[in-house]
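See structure below.
These numbers were taken from a predicted model, which means no experiment stands behind them. Atoms within each ligand, like the ligands themselves, are counted from 1 in listed order.
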Amino acid sequence: MKYISTRGASPAVSSARAVVDGLAPDGGLYTMSPSDMPKLDWRRLISMDYYSIAAEIISALLPDFSRDEARDLTGRAYNGKFPSADIAPTVPVGDKAVLELFHGPTSAFKDVALCLLPYLMKSAAEKCGDTGTITILTATSGDTGKAALEGFRDVPGIKIAVFYPRDGVSAVQKAQMVTQEGRNVHVCAVDGNFDDAQSGVKRIFGSIRGRGLSSANSINIGRLVPQVVYYFSAYASLVKSGRLLPGAPLDFCVPTGNFGDILAGYIAGEMGLPLGRLVCASNENNVLTDFLRTGTYDRRRHFCRTLSPSMDILISSNLERLLFLMSGDSALVASLMRQLADEGRYTVPSSLLEKIQRRFWAGCCDDEGTKATVARVWHSLSYLCDTHTAVAWNVAEQYEKAVPDHNPIVVLSTASPYKFPAAVLSAVGGVCGGDEFEMMSALEKTTGVPMPANLRGLRERPCLHNDCVEPSQMSAYVLDLLEDES
Ligand SMILES: *Cc1c(COP(=O)(O)O)cnc(C)c1O
């Protein structure tokens with residue numbers, strides 16, 4: 001299986017090359033052709049542990065990695081970083097199940113992919129015969145940055161630079177990043193929002209070629225593949241515990257920003273998982289809700305800063321992969337992406353929209369609904385969830401009402417509530433005062449839910465990174481890094 005560009009104007013490459021390069025030379029995203037999608041028999045996976053399921057999925061989607069190698073790398077990536085062998089536990093909460101993806105070293109779901117990506121990338125570079133230093137560029141809305149820094153720190157032969165929107169991340173997220181240790185890490189604020197940071201990074205990829213740049217964002221297929229695994233493991237877990245009949249379709253509700261996590265669910269379905277619908281949950285930045293309902297993607301709208309900042313995104317990069325996988329038409333995708341760049345909007349053909357709507361349902365939830373949901377889930381079900389998960393829970397309820405013949409539903413939980421303590425504490429009725437760090441302690445006192453160890457003591461750690469640039473200065477910043485041979 002080769003990887004091709006969604007925009008059709010780059011040569012096909014091996015899976016290893018796609019992981020090393022991140023973005024295709026024509027500006028498109030590397031993807032498999034829909035006709036090449038590998039199929040797996042989910043029945044075989046039911047009795048397997050997480051690592052074995054991971055080995056099956058990774059070697060099927062990235063054929064340059066054997067099953068044994070994939071298993072070995074997964075073990076090295078997760079052992080000691082996740083508290084239990086079940087990397088992503090599925091827990092019953094009320095009439096739904098919650099897939100907890102936040103037990104990694106930075107308490108956000110991105111750990112699941114970003115602990116593994118450095119191992120995949122090192123090995124992929126060796127397979128390609130690349131010997132130079134790889135420089136990872138990452139734009140973050142808050143969680144990717146820390147998870148990538150933690151995953152890539154002190155990995156020989158790799159440097160990493162993370163760009164975050166100066167005023168667009170929570171105090172906890174910022175503290176996590178600016179206190180990051182490691183010889184090869186660079187953290188830089190951008191005077192703009194996440195879309196400015198992400199567009200800046202994409203521009204740099206377009207203008208600086210052949211210097212060993214790669215991406216840890218979900219534009220890299222190596223980020224998406226590890227996320228396919230937990231859709232299968234959640235299914236297996238529900239079947240094993242008797243909560244789902246083998247073969248019955250299962251719906252997933254995914255709190256969505258860049259459309260990476262939910263796209264991994266789509267890929268799981270295409271690989272043979274008995275998937276019902278994927279419910280796309282957005283906050284007030286509801287560009288995807290409108291798109292999935294109308295077929296028109298229009299980013300010309302006010303950018304809202306919400307209580308679920310990791311979803312404050314108006315340009316969802318991975319939607320491009322879905323458009324290609326569902327249409328198989330790279331000329332169409334290239335033309336839509338040109339319209340998005342030039343006019344800020346595009347409309348897909350109605351036949352494509354209908355196809356998309358057969359698999360996807362979409363809804364959104366504002367900050368008030370988010371807080372009310374955190375409160376309701378806590379007070380009535382004794383489950384403490386973060387703001388992103390609350391958006392998904394709220395939209396899952398909207399979906400259940402709107403679609404009476406829905407299937408059992410899994411809500412993906414993407415962050416620990418302690419990453420967003422101010423909103424969660426005030427939602428559950430705790431006394432808010434002091435800074436976010438004091439609120440973390442107050443949240444623990446109020447709820448009795450233990451704070452993750454990695455967030456304890458964050459405030460006392462020294463700030464090691466003070467860089468801040470305008471979006472237009474990002475290229476120069478990266479060129480400096482490339483010159484620096486240390
Ligand atoms: C990144 C993130 C999301 C959105 O995931 P995408 O793959 O970008 O759609 C949701 N919740 C949290 C907590 C995140 O960090």
*asked:* Centroid separation under 6.0 Å, is that true for the rings of W42 and Y235?
replied: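 Yes, the ring centres sit under 6.0 Å apart.
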_Ring centers of F102, F109 separated by less than 6.0 Å_ =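 No, the ring of F102 stays outside the 6.0 Å limit from the ring of F109, centre to centre.
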[X] heavy atoms, cut-off 4.0 Å: which ligand 1 atoms fall inside?
{"X": "A415", "answer": "13 (C)"}
{"X": "D143", "answer": "12 (C), 13 (C), 14 (C), 15 (O)"}
{"X": "G260", "answer": "6 (P), 7 (O), 9 (O)"}
{"X": "T256", "answer": "9 (O)"}

Counting both backbone and side chain atoms, is some N or O of [X] under 3.5 Å from an N or O of ligand 1?
{"X": "I313", "value": "no"}
{"X": "N258", "value": "yes"}
{"X": "T414", "value": "yes"}

*Would you check whether P255 reaches within less than 4.0 Å of ligand 1, judged by its heavy atoms?*
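Flag set, P255 near ligand 1.
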_Are the side chains of Q180 and K146 in contact, using a 4.5 Å heavy-atom criterion?_
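K146 reaches Q180 side chain to side chain.
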*Over all heavy atoms of both residues, which pair between L117 and S215 is shortest? Give the atoms and the distance, please.*
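Reported closest heavy-atom pair: CD2-O, 4.2 Å.
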*Least distance between heavy atoms, P255 atom then C253 atom*: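 In terms of heavy atoms, the two residues are closest at CD-O, 3.9 Å.
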*Step-by-step side-chain hydrogen bond (donor to acceptor under 3.5 Å, both in side chains) determination, N217 to Q198*: CA-CA 9 Å; N217 281 108; Q198 174 159 262; 4.8 Å; no
*Measure F259 to ligand 1 on non-hydrogen atoms and call it side chain, backbone, both or neither using the 4.0 Å cut-off.*
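It is the backbone that gets close, since no side chain atom is under 4.0 Å.
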Protein residue, atom and distance nearest to [atom], heavy-atom basis:
{"atom": "atom 7 (O) of ligand 1", "value": "D261 N, 2.9 Å"}
{"atom": "atom 2 (C) of ligand 1", "value": "K110 NZ, 2.4 Å"}
{"atom": "atom 4 (C) of ligand 1", "value": "G257 N, 3.5 Å"}

*Could you give the distance from CG (N286) to OG1 (T306), rounded to the nearest 0.5 Å?*
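Spacing of CG (N286) from OG1 (T306) equals 11.0 Å.
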_Return the SG to CE distance between C463 and M177, rounded to the nearest 0.5 Å._
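Interatomic distance, C463 SG to M177 CE, rounded to 0.5 Å: 11.5 Å.
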